[in-house]
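A quick write-up on the structure given underneath.
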Amino acid sequence: MLKKRTLNIVLLIALSAAALWAAGSKEGAEESQALTLRVLSVYTPDHAVGPAVEQINQLFAETHPDVTIEMQTMGADDLKQVLRTDFDSGNPPAVFNFWADNSNLDFIEAGRWLDLSGVLAADPAWKDNFLPGALGVHGYDTSGVWGLPQASFVLGMYYNKDLFVKAGISNPPETMEELYMDIDKLKALDGITPWPIGNMDGWRSVHLFASLFYKINGTDAATLAAERKIRHDGPEVVNTYKAMQDLVESGAFGDQYTGLGYADEIALFNEGKSAIRFSGSWTLGEIDGVDTGFFPFPYFKELPQFEGDWFAGFADSWGIASDMDPALEAAAVDYVKLWTGPEGSRIFAEEAKNIPAANADVDPEKTGDLFATVVSSMSSITNSEVDFATPERSKLVADQVGANAQAVLAMEMTPEEAAKKLQQVVDSE
Amino acid sequence: MRTFKKQNPVIAAFLLPGLLMYGYFFALPVLQTLWESMFYWKGLSSTAKKEFIGAGNYIYLIGKDPYFWKAFGNTVYLMVGSLLLQVPLGFILALILNSGIRGKRFFNIAFFMPYVLSATSVALMWRFIYHPEGLINQFLQLVGLSGLTNSWLADPSTNITAIVLVGVWQGAGFLMILFLAGLVNIPKEILESCRIEGARPYQVVFRIIIPMLWPVVITVITLVMINSVKSFDIIWILTRGGPFHSTEVLTTWMYQLGFNLSQPARGTAVASFIFLFVLLLSVVIRKVSRRDSVEY
């Protein structure tokens with residue numbers, strides 16, 4: 001009796017296992033038909049590009065009904081960490097946003113990113129539609145194209161026209177000397193902070209540091225620093241830190257800037273509580289309800305040779321993971337092609353008021369006058385560089401550049417201390 | 001004795017699955033972490049070239065790393081601050097609730113509530129409270145103390161203390177529950193006789209209650225110390241170790257090195273250091289706290 005019961009149990013287990021295996025195989029067979037394209041993107045639903053994502057995904061779904069897009073969106077800082085973790089753990093997204101940075105070579109040298117030069121060559125119309133220079137952003141001195149930029153940008157100054165008039169400023173400043181005079185006038189307005197900068201978000205002070213560095217030393221100096229041809233505790237860096245602290249001492253940023261973030265900057269400007277915003281052209285879609293003008297980041301009167309040296313370039317690039325299933329890889333290429341092609345670029349510009357990295361037939365009614373002003377200002381660029389640490393290979397040095405800029409702007413370090421600390425990190429690498 | 005020996009294989013057979021699981025899921029990863037910390041590598045691929053450098057990562061951390069000692073100092077500050085504030089606060093709350101006040105159940109839930117909230121919710125809430133235009137500064141302005149307003153999380157002189165206070169706010173209720181569980185086990189007769197003998201309240205606390213609660217006190221101290229060293233989520237959401245690394249602790253620096261700064265091997269070395277530090281703390285606490293518990 002006992003033997004018979006035992007036999008029954010064994011048979012039951014065997015049958016169940018067989019049934020489960022069969023179900024699993026069937027599921028696996030169905031899965032091979034449907035593709036899931038995981039996209040890791042900085043374009044969160046509340047990002048200015050958020051509405052464009054919806055439109056582009058819909059267009060993609062129309063031509064790729066067998067592909068499901070799994071959007072995973074987050075802020076830039078989080079995305080960089082998730083991207084690294086996903087690749088480290090062998091679970092990379094198919095398509096992802098990233099930014100120009102020499103440390104991307106870690107991924108490329110490990111063979112984890114797809115070289116897009118082949119697919120670009122196969123579609124000359126797509127390739128030739130990119131703006132000059134856009135395809136070179138992610139070359140990193142290799143023969144490959146490791147990413148395609150979605151946006152082009154310039155960093156500059158957005159100002160509240162009404163507040164400028166109220167303060168008696170007839171023309172926006174061109175030089176730092178004029179800017180200081182205007183800050184004094186704006187400070188006289190009740191309840192207005194001339195130019196709040198959200199130092200709690202480290203990249204704000206990094207952008208300010210880089211913009212000032214280029215106006216003092218020229219953009220080429222960033223490459224020289226990365227190649228260790230100029231020292232990080234030399235006059236180039238020290239003078240830039242001094243210029244940052246001069247701005248703090250002028251009262252431009254108000255009292256609470258050390259505790260504010262980027263979102264606070266936007267809120268203060270849109271509420272009419274601040275007069276100037278220093279930001280990239282991606283901010284065009286973030287400005288709301290304020291009659292806004294634009295002027296280039298001021299240069300130093302005694303250094304006119306660097307007037308045309310701008311913090312500008314290409315951003316929000318798309319990359320594709322290597323070693324994927326060929327069908328998934330083809331879908332990923334199509335997805336990136338849609339975003340960076342003429343139609344995707346048009347939607348990107350019109351919906352987000354963001355300047356695309358490729359040519360597009362944009363309706364000026366939809367993008368507005370400010371968009372046109374910013375785009376036309378780009379013609380005065382003679383030299384450009386993205387971040388100061390973009391040519392830098394060591395992430396530890398790049399991190400110290402950021403930490404120093406934040407500490408200097410918070411007046412927690414003297415320019416000399418900060419430069420010395422930076423050089424120590426360079427030496428330790 | 002003979003029977004015990006005879007049963008040994010049976011006992012071993014029953015222990016084996018547990019031991020195997022413990023070995024596979026705990027001992028092996030710990031040993032692997034220690035082993036990995038002795039290599040130089042960049043992660044990203046299991047086939048990435050690894051170079052054995054022995055104690056190189058540890059030597060770098062101790063001698064060259066720009067923020068390791070800062071992170072260690074902040075970790076110790078966090079631990080000591082939590083011990084000095086959280087443990088007494090939890091104990092005082094337990095004493096108050098054990099004194100027979102009205103609304104005991106309500107206060108019990110109210111004080112314990114922060115502990116059941118997720119760390120993310122707690123950190124986000126306190127980010128708003130500490131914001132330059134947040135509740136604390138608004139309150140200070142309301143009572144005419146505008147001069148005391150501050151950017152609490154941005155100012156290096158206040159931010160690490162601000163983080164300690166969040167931990168105290170969240171954790172004190174849990175410690176209160178642990179102390180309460182011990183307090184209700186102290187016979188009422190002993191406390192009553194102390195009162196009749198004329199003992200003052202502080203004498204009752206220090207001479208009777210604390211000695212009788214000693215095993216609970218040691219457990220609480222151990223928990224607070226180890227949790228402080230391991231804490232990550234609240235700090236990460238509040239400040240991400242910034243600004244300019246001023247609130248970096250060992251766990252955030254481990255994460256930064258491993259996932260942000262392309263230094264996974266050095267991150268692993270920090271992880272190993274944390275493990276050894278916690279191990280050392282546990283041993284020290286056990287040694288220091290070894291005293292006879294009071295029987296009653």
Side-chain angles (χ1 to χ4, degrees), chain A residues 77-78 80-90 92 103-113 196 198-202 205 254-261 264 267-268 393-400 402-410 412-413 418 421-422 424-425 427-429, chain B residues 41-49 59-61 63-68 70 127-128 130-134 136-137 146-147 149-159 162 236-248 252-253 255-264 266-268:
Chain A
D77 284 343
D78 288 331
K80 288 173 190 171
Q81 286 160 27
V82 171
L83 189 67
R84 176 91 202 186
T85 313
D86 281 358
F87 272 98
D88 273 341
S89 59
S103 64
N104 289 330
L105 273 167
D106 288 352
F107 294 96
I108 294 159
E109 286 170 356
R112 310 304 302 275
W113 288 4
N199 196 39
M200 197 64 185
D201 286 328
S205 37
D255 299 328
Q256 302 285 6
Y257 70 96
T258 54
L260 301 179
D264 297 307
L268 286 169
R393 182 71 200 266
S394 162
K395 279 223 159 195
L396 213 53
V397 172
D399 175 73
Q400 192 59 46
N404 271 7
Q406 209 176 12
V408 165
L409 200 66
E412 293 289 340
M413 278 176 126
K421 174 99 183 168
L422 186 55
Q424 278 171 356
V425 175
D427 293 341
S428 78
E429 279 292 278
Chain B
W41 66 296
K42 285 188 169 181
L44 280 171
S45 165
S46 56
T47 56
K49 198 179 157 195
I59 292 166
Y60 173 86
L61 286 181
K64 285 184 172 177
D65 186 291
Y67 294 104
F68 177 75
K70 174 83 185 166
R127 247 170 76 164
F128 287 121
Y130 285 139
H131 190 272
E133 291 181 9
I136 294 178
N137 282 354
S146 303
T149 58
N150 196 5
S151 296
W152 304 100
L153 290 175
D155 184 344
S157 66
T158 59
N159 53 16
W236 190 252
I237 295 165
L238 279 173
T239 61
R240 287 175 179 264
F244 38 92
H245 299 289
S246 59
T247 59
E248 212 72 77
T252 55
W253 191 233
Y255 185 80
Q256 297 268 28
L257 285 171
F259 297 102
N260 251 353
L261 302 174
S262 304
Q263 314 260 345
R266 287 174 184 165
T268 313

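Here is the naming used below: chain letters follow the sequence lines, and residue numbers restart at 1 for every chain. Heavy atoms only: backbone and side chains are in, while hydrogens, waters and symmetry mates are out.
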Tell me, side chain or backbone of B/Tyr130 under 4.5 Å from chain A's heavy atoms, or both, or neither? neither
Please state whether the side chain, the backbone, both or neither of B/Arg266 comes within less than 4.5 Å of a heavy atom of chain A. side chain
Does the cation-pi check pass for A/Lys395 over B/Phe259, that is, NZ or CZ under 6.0 Å from the six-membered ring centre and within 45° of its axis? no
Given the options A/Asn199, A/Asp255, A/Asp264, which has more heavy-atom pairs under 4.5 Å with chain B than any of the others? A/Asp264
Would you tell me whether A/Gln81 and B/Tyr255 have side-chain atoms, one donor and one acceptor, within less than 3.5 Å of each other? yes
Under 4.5 Å from any heavy atom of chain B, what part of A/Gln400 do you find: side chain, backbone, both or neither? side chain
Using salt bridge (Lys or Arg N to Asp or Glu O under 4.0 Å) as the criterion, list what pairs up with A/Asp78, not counting sequence neighbours. B/Arg240
Region of A/Ala410 that comes under 4.5 Å of a non-hydrogen atom in chain B: side chain
Can you say whether the rings of A/Phe107 and A/Trp113 are parallel (under 30°), tilted (30 to 60°) or perpendicular (over 60°)? parallel
Does any backbone or side-chain atom of B/Asp65 lie under 4.5 Å from a heavy atom of chain A? Answer side chain, backbone, both or neither. neither
When rounded to the nearest 0.5 angstrom, what distance separates CG in B/Asp155 from OG in B/Ser246? 8.5 Å
Where the side chain of B/Asn137 meets the backbone of B/Pro132, is there a donor-acceptor pair that is under 3.5 Å apart? yes
Relative to chain B, which segment of A/Thr85 carries a heavy atom at a distance below 4.5 Å: side chain, backbone, both, or neither? both
Is it the backbone or the side chain of B/Gln263 that comes under 4.5 Å from a heavy atom of chain A, or both, or neither? side chain
